[in-house]
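Single-structure report; data block below.
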Amino acid sequence: MSEGSVPSTATRADGAIAGYREGRTLPLRVELARQFGRRRTQVTLGLLAVLPVVLLLAFELGSNSTARRQGGLVDLATASGQNFVTFALFASANFLLVVVVALFFGDTVASEASWSSLKYLLAIPVPRGRLLRQKALVSGLLSVLGLLVLPAMSLAVGLIWYGAGDMVTPTGESVALADGLTALVLALCYLAVHLFWVAGLALLLSVSTDAPLSAVGGAALVSIVSQILNQITDLGSLREFLPTHYSTAWADLLSTDIDWSNMAAGAFSSLAYGTFFVLLAVRRFARKDITS
């Protein structure tokens, strides 16, 4: 080799540099650490953990009456620890948890674009499909964590303050602690499946815009509009095609005689919508001209 010449780099038959392994790019642990280190992740999980305490203070400061044994979920919230966690989940499922999932999925790619770091990630190079998959997996893990933090903290606060008595349902039935915890786990599983359509839509919006707020707000807005339309009874059976029509189907678990039909229909609807949105997101990201 002559003095001052640049040594050649060995390449594979497909043109990649020898030693390059796409499976080693952007490891899941690295992306998870990056997202955990972000302020928005810490604040979101922190607020979910603090919310049960805020609800407890609201109940304690708002009324001095003893726990009721009849009425709706709000009236029964202080009847036992189980009632408290059920109310917390019911109050947050249709908006707060939707926003949390929309935040983690809608911000994941759009934030990289807004920071002008997306093109550098792809230039490492991280294949587009792998980058989107890793970010979606981390967003899913964070969403599930948020979905667990709220009821876990609510259950702890409720059991400490209101005791481990039977849960009293709006129909007057009593549910033992073991059965109530089983119903809670099943409710969380259903909500995780139901919110898949929000995750898919937020991911699609995230790869379609460079503004994270637009992606997050867009997914939340679609959910709000769908809930409003679901209240219009004149739409009749057309409401069954709305993605939020079965959002409260998990409440059927509060009965001793559980009807699984609504939850089955809701799970199918969410999986169908979510899969459609994810496929569109993959197609959109694969063809997108990355300039930011």
Side-chain angles (χ1 to χ4, degrees), residues 36 40-104 140-171 173-195 198-199 220 223 227 244 247-256 258 263 266:
F36 260 120
R40 64 98 155 118
T41 302
Q42 298 167 0
V43 171
T44 300
L45 295 178
L47 288 175
L48 289 173
V50 170
L51 180 60
V53 178
V54 175
L55 292 177
L56 175 64
L57 291 175
F59 280 118
E60 292 303 306
L61 296 176
S63 176
N64 294 322
S65 61
T66 57
R68 302 179 184 178
R69 308 296 293 180
Q70 59 183 356
L73 286 176
V74 179
D75 300 319
L76 295 170
T78 60
S80 68
Q82 294 187 78
N83 281 92
F84 183 76
V85 66
T86 301
F87 168 74
L89 198 59
F90 186 83
S92 60
N94 285 346
F95 181 72
L96 180 60
L97 294 181
V98 169
V99 172
V100 169
V101 173
L103 175 64
F104 286 135
L141 290 174
L142 293 176
S143 298
V144 171
L145 179 59
L147 187 61
L148 293 175
V149 166
L150 177 62
M153 288 299 297
S154 299
L155 183 62
V157 170
L159 291 178
I160 292 173
W161 201 262
Y162 298 117
D166 291 351
M167 178 173 63
V168 183
T169 69
T171 59
E173 298 174 296
S174 293
V175 180
L177 180 60
D179 294 334
L181 292 179
T182 300
L184 175 62
V185 172
L186 292 175
L188 292 176
C189 291
Y190 175 79
L191 283 175
V193 174
H194 168 70
L195 292 171
V198 179
S223 177
Q227 292 180 54
T244 59
S247 60
T248 58
W250 62 272
D252 291 340
L253 293 167
L254 300 180
S255 174
T256 53
I258 301 175
M263 283 183 284

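- Taking CG from Leu61 and CG from Leu56, the interatomic distance works out to 8.5 Å, rounded to the nearest 0.5 Å.
- Tested against Pro52 for a side chain to side chain contact (heavy atoms under 4.5 Å, CB included), the candidates Leu155, Leu150, Leu57 yield a single pass: Leu150.
- When atom types are taken as modelled, the side chain of Gln82 and the backbone of Ala164 share no donor-acceptor pair closer than 3.5 angstrom.
- Contact between Gly266 and Tyr190 at its shortest, heavy atoms only, is CA-OH, 3.5 Å.
- One finds the CG atom of Leu184 at 10.0 Å from the CG atom of Leu254 (value rounded to the nearest 0.5 Å).
- Aromatic ring centroids of Phe59 and Tyr162 lie 6.0 Å or more apart.
- Taking 4.5 Å as the limit, every side-chain heavy atom of Leu51 sits out of range of all side-chain heavy atoms of Leu47.
- Minimum interatomic distance between Val85 and Ser154 (heavy atoms only, all atoms of both residues): CG2-CB, 3.7 Å.
- In this structure, Met153 CE and Leu55 CG are separated by 11.5 Å, a value rounded to the nearest 0.5 Å.
- A distance of 8.5 Å separates CG of Leu145 from CG of Leu141, quoted to the nearest 0.5 Å.
- Nearest heavy-atom pair, Val101 versus Ser143, reported as atom, atom and distance to 0.1 Å: CA-OG, 3.9 Å.
- Nearest heavy-atom pair across Gln227 and Asn94 is NE2-O, 2.8 Å.
- Val100 is not listed as a side-chain neighbour of Leu195, based on a closest heavy-atom distance of 4.5 Å or more.
- With values rounded to the nearest 0.5 angstrom, Asp179 atom CG is found 9.0 Å from Asp166 atom CG.
- Here the CG-CH2 distance, from Leu89 to Trp250, works out to 4.5 Å after rounding to the nearest 0.5 Å.
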* Evaluate side chain to side chain donor-acceptor pair (under 3.5 Å) for Ser80 paired with Asn83, printing each intermediate quantity in order. => CA-CA 5 Å; Ser80 68; Asn83 281 92; 2.8 Å; yes
* Report the C-alpha separation of Phe36 and Leu142 in whole Å, then their side-chain angles, then the decisive distance to 0.1 Å, and conclude whether the side-chain contact (heavy atoms from CB on, under 4.5 Å) test is met. => CA-CA 9 Å; Phe36 260 120; Leu142 293 176; 3.9 Å; yes
* Would Leu96 and Leu48 satisfy side-chain contact (heavy atoms from CB on, under 4.5 Å), going step by step from the backbone distance to the final call? -> CA-CA 9 Å; Leu96 180 60; Leu48 289 173; 3.8 Å; yes
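- Side-chain contact between Thr248 and Phe90 is present, with heavy atoms from C-beta onward closer than 4.5 Å.
- Proximity of Phe104 to Thr41: side-chain heavy atoms (C-beta onward) are separated by under 4.5 Å at one or more points.
- Contact annotation: the side chain of Met263 never approaches that of Leu186 to less than 4.5 Å [non-hydrogen atoms, C-beta and beyond].
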